[in-house]
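Lettering follows sequence order; numbering is per chain, from 1. Just so it is clear, the model here is predicted, and its values are computed rather than measured.
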Protein chains: 2
Amino acid sequence: MKQKATLKQIAKELNVSVSTVSKALSNSPEISEPTKIKVQEFAKLKNYKPNNIAVNLKSKRSKTIGVIIPNILNPFFAKVFSGIEKGANDKGYNVITCISNESLEKEIHAMEMLSNGTIDGFILSISEETQKEQEFKHFKEAMSDDLPIVMFDRISDEVTCDKVIVDDFEASKDAVNHLIKLKCKNIALVSSIDNLSVGKLRAEGYIRALVDNKYTINEDIIIRTDNPDDFDERLKKLFDTKTIDGIFALDEHASVMAMKAAIKRGIKIPEELSIIGFADGVWSRRLTPSLSTISQHGPEIGEAAAEMLIKRLEAKEGEEPDYETRTIKTELRQRESTRKL
Amino acid sequence: MKQKATLKQIAKELNVSVSTVSKALSNSPEISEPTKIKVQEFAKLKNYKPNNIAVNLKSKRSKTIGVIIPNILNPFFAKVFSGIEKGANDKGYNVITCISNESLEKEIHAMEMLSNGTIDGFILSISEETQKEQEFKHFKEAMSDDLPIVMFDRISDEVTCDKVIVDDFEASKDAVNHLIKLKCKNIALVSSIDNLSVGKLRAEGYIRALVDNKYTINEDIIIRTDNPDDFDERLKKLFDTKTIDGIFALDEHASVMAMKAAIKRGIKIPEELSIIGFADGVWSRRLTPSLSTISQHGPEIGEAAAEMLIKRLEAKEGEEPDYETRTIKTELRQRESTRKL
DNA sequence: GTGAAAGCGCTAACAT
DNA sequence: ATGTTAGCGCTTTCAC
């Protein structure tokens, strides 16, 4: 193995001191042009790269962000992640990723694993189990250990930190209002994420839209559960009770399954039934008919989170910005599953 | 901010030396029980965590793996990534992720960013542009800098390193053979990834299966391109020329678009047309009809890659294993888009 | 059983 | 303009 070049080595080979080399490479005005050139050329020749770890140890900062994501297979998280990665890289930060797999224990473990100088701060979305258990001590500890957190999408009011969210309540209200404008009379609500904060917010938006429009809430056409299998079971009976002409789905699974079930029943979409759901854009477009969705702008959420965290990390001592909750606007994307106005 | 606990501090507060503390915490037999207990308890009280960066600097290893992925929004890569993350975490390794976005430049940039002590080795899949340009210098440099690489899925024969692949050729042959067994007479090949090594291998498998079964190759029902838009354009005409009763699709986009086009034409699937494609399992199940796919076992690929890399990293000097190419078996998952035998 | 000291690779304050 | 030195936090060898 080719020995890695270090300042020390270069210094010895060039018969100068380590600090001269260091300064020459950082283009310090203290060093004369000739030596600078000599050192820089030699360094390039030797393919010298400053050892990041040593620099980190010295500077007490790693320029690395810890990202904890409940489930990377969920396209929403994948999109947010790509935004984080981009935002971080643009500012010269690396991203260490852990997947909590919706488990509180893995979330805690991941945070511990990284809370030792490895990273400068966290960007995360709270795991399902953590939300259920309402266990937030690990977040508070990180914050008090001077490891700032930016939460996105699934957040907790109990933790004081920067947050990036989507206007779930408003988005749902808008979507349901849209269905109402399309003259839907019986709008079902289907959700398999009723355990999540965002699931609850979205359901509230639905209720509010109905109430605002003087619709009556019909529990028979509302499915709220936190379990996909239970969901599938209850979905079977959804079309029995009443003629449904609109469906509002709070998550990807619910969106697609509801649509599939309707097609199987021979219900014509969008002529007899309009569907709007929270789901991934690419795949929604690929469905037949394509699914109208609420676009959450995942990459922008990620970029915003990265920007907020880095701003805080790079703030001068005592000049840290106030904690902020940024809301990224959603957008209703009309496709074939809703008829045109 | 609560000052972070260091050995030095603890030593001072306990009136012992730094090395005593260090040894006590690592449970060295050199230290007496009473001092050990005293130190360990005090450390726990102070919530001491050894500074990872300092440990890294000392040990010259970071226990961190650099992962470079062309596109995290592709569910296949997301799955492999989750496997890598799991495999790495199980062995106490962290994962730094960069997304090349199919760009050679970003790939190079990411590798440079990490080739300075930040990571101990790479796991990556070659970007599209890199494959097109056949530019592999950056990989070879990393290898000779003692930063081992494990490539997966999209690999290059020009780089000597560990590899994890799928039996693309065999998988395709099997899939097409299956269509033939279903009595398909005119089997179309559709691909929007003809620039990738895997795309070519899969196409070869198709050809081979046809040849083996004495079918004639009909260029009119073969679409091979590297551009989704071009693909969509050519797809429109696919059903014009000939009655197709089988489609073999080499990637997700091709799979779904072909199916969508067939449905639009009113072609009955699977009665009149059977389709098999490379695609994500979750979404394939959600399509109507659900799509028969070739499952690539993404998580296993990732775990294998992590295992191979870590084995090499932890091998004693001079005892590194030979470079190996591991093949993960694929599996034909029959769903509704192919009729039963 | 405990401690002093060197050193990982780097930066920067402080000589010269 | 260049060099010396100390120190980041830790491990480890070697004295005592």
Notebook entry, point to check: Where each residue is assigned the nucleotide of DNA chain C containing its nearest heavy atom, which of A:Lys23 and A:Thr6 is assigned the position nearer the 5′ end?
Noted result: A:Thr6
Notebook entry, point to check: Is A:Asn116 reaching over with its side chain to a backbone N or O of B:Asn51, donor-acceptor style, under 3.5 angstrom?
Noted result: no
Next item on the list: Grab the CD1-P distance between A:Ile10 and C:dT11 for me, whole Å please.
Entry: 11 Å
Next item on the list: Sort out for me which residue in B:Asp162, B:Asp146, B:Asp120 forms a salt bridge (Lys or Arg N to Asp or Glu O under 4.0 Å) with B:Arg312.
Entry: B:Asp162
Margin query: Consider side chain to side chain donor-acceptor pair (under 3.5 Å). Of A:Thr64, A:Asn52, A:Asn56, which one does B:Thr118 pass it with?
Written below: A:Asn52
Note to self: So, applying side-chain contact (heavy atoms from CB on, under 4.5 Å) with A:Ile301, which one of A:Asp153, A:Ile165, A:Val164 is it?
What the structure shows: A:Val164
Item checked: Check: A:Glu128 main-chain N/O paired with A:Glu102 side-chain donor or acceptor under 3.5 Å -> yes
Next item on the list: Let me know the distance between CG of A:Leu25 and C1' of C:dA12, rounded to the nearest Å.
Entry: 15 Å
Note to self: Tell me whether the side-chain N/O atoms of B:Ser17 come closer than 4.0 Å to OP1 or OP2 in C:dA4.
What the structure shows: no
Next item on the list: Could you walk me through whether B:Met111 and B:Leu124 pass side chain to side chain contact (heavy atoms under 4.5 Å, CB included), step by step?
Entry: CA-CA 10 Å; B:Met111 290 190 70; B:Leu124 58 86; 4.2 Å; yes
Checklist line | Sugar-phosphate, base or nothing in reach of B:Ser22, heavy atoms under 4.0 Å | finding: base
Next item on the list: Assign B:Ser26 to base, sugar-phosphate, or nothing according to its heavy-atom contacts below 4.0 angstrom with the strands shown.
Entry: nothing
Between the protein and nucleotides 5-8 of chain C, list every N/O to N/O distance that falls short of 3.5 Å.
| from | atom 1 | to | atom 2 | distance (Å) |
| --- | --- | --- | --- | --- |
| C:dG7 | N2 | B:Lys58 | NZ | 2.5 |
| C:dG7 | N3 | B:Lys58 | NZ | 3.1 |
| C:dC8 | OP2 | A:Lys8 | NZ | 3.2 |

Notebook entry, point to check: Nucleotide range of DNA chain D contacted by chain A, 5' to 3', under 4.0 Å to a heavy atom?
Noted result: D:dA1 to D:dG9
Check: Quick one: CD1 on A:Ile108 to NE2 on A:His138, what's the gap to the nearest 0.5 Å?
Finding: 5.0 Å
Item checked: Atom pair distance, as rounded to whole Å: CD in A:Glu30 and P in C:dT11 -> 13 Å
Margin query: With a 3.5 Å distance limit and no angle check, can you tell me whether A:Gln40 reaches the backbone of A:Ala24 through a side-chain donor-acceptor pair?
Written below: yes
